[in-house]
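Numbering of residues begins at 1 and proceeds along the displayed sequence.
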Amino acid sequence: MPHLTLFPLLETHTVPGWPEVYNPSLNDVLLFTVALPVAIALPIALAVMGPAWLRRSKGEETESEAA
């Protein structure tokens, strides 16, 4: 069976009797695809890379820089 016959099953119409589905705006899509991952990644990046950045800004040499 070709895969193209499965596409009618993926319709996004609301079932009769059910409430209308919220149609997300471009801002909603960007919030979930860009802003939330960035908001999660920033504290993790700061926690992991921050100490090295702080040492470098104070002028302390790391082992890799001394070699």
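Summarising the geometry of Ser25 relative to Tyr22, their closest heavy-atom pair is N-OH, 4.3 Å, with the distance given to 0.1 Å. Pro51 approaches Ala47 most closely through the heavy-atom pair CD-O, 3.5 Å.
Atom CH2 of Trp18 sits in a sparse spot, with 12 or fewer heavy atoms from other residues, nucleotides or ligands closer than 6.0 Å.
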For residues 32-42, which side-chain donor-acceptor pairs fall under 3.5 Å, sequence neighbours excluded?
from  : atom 1 : to    : atom 2 : distance (Å)
Thr33 : OG1    : Val29 : O      : 2.8

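For Leu26, the side-chain contact (heavy atoms from CB on, under 4.5 Å) partners at least two apart in sequence or on another chain are Leu30.
Between the CG atom in Leu54 and the CG atom in Leu46 there is a gap of 11.5 Å [rounded to 0.5 Å].
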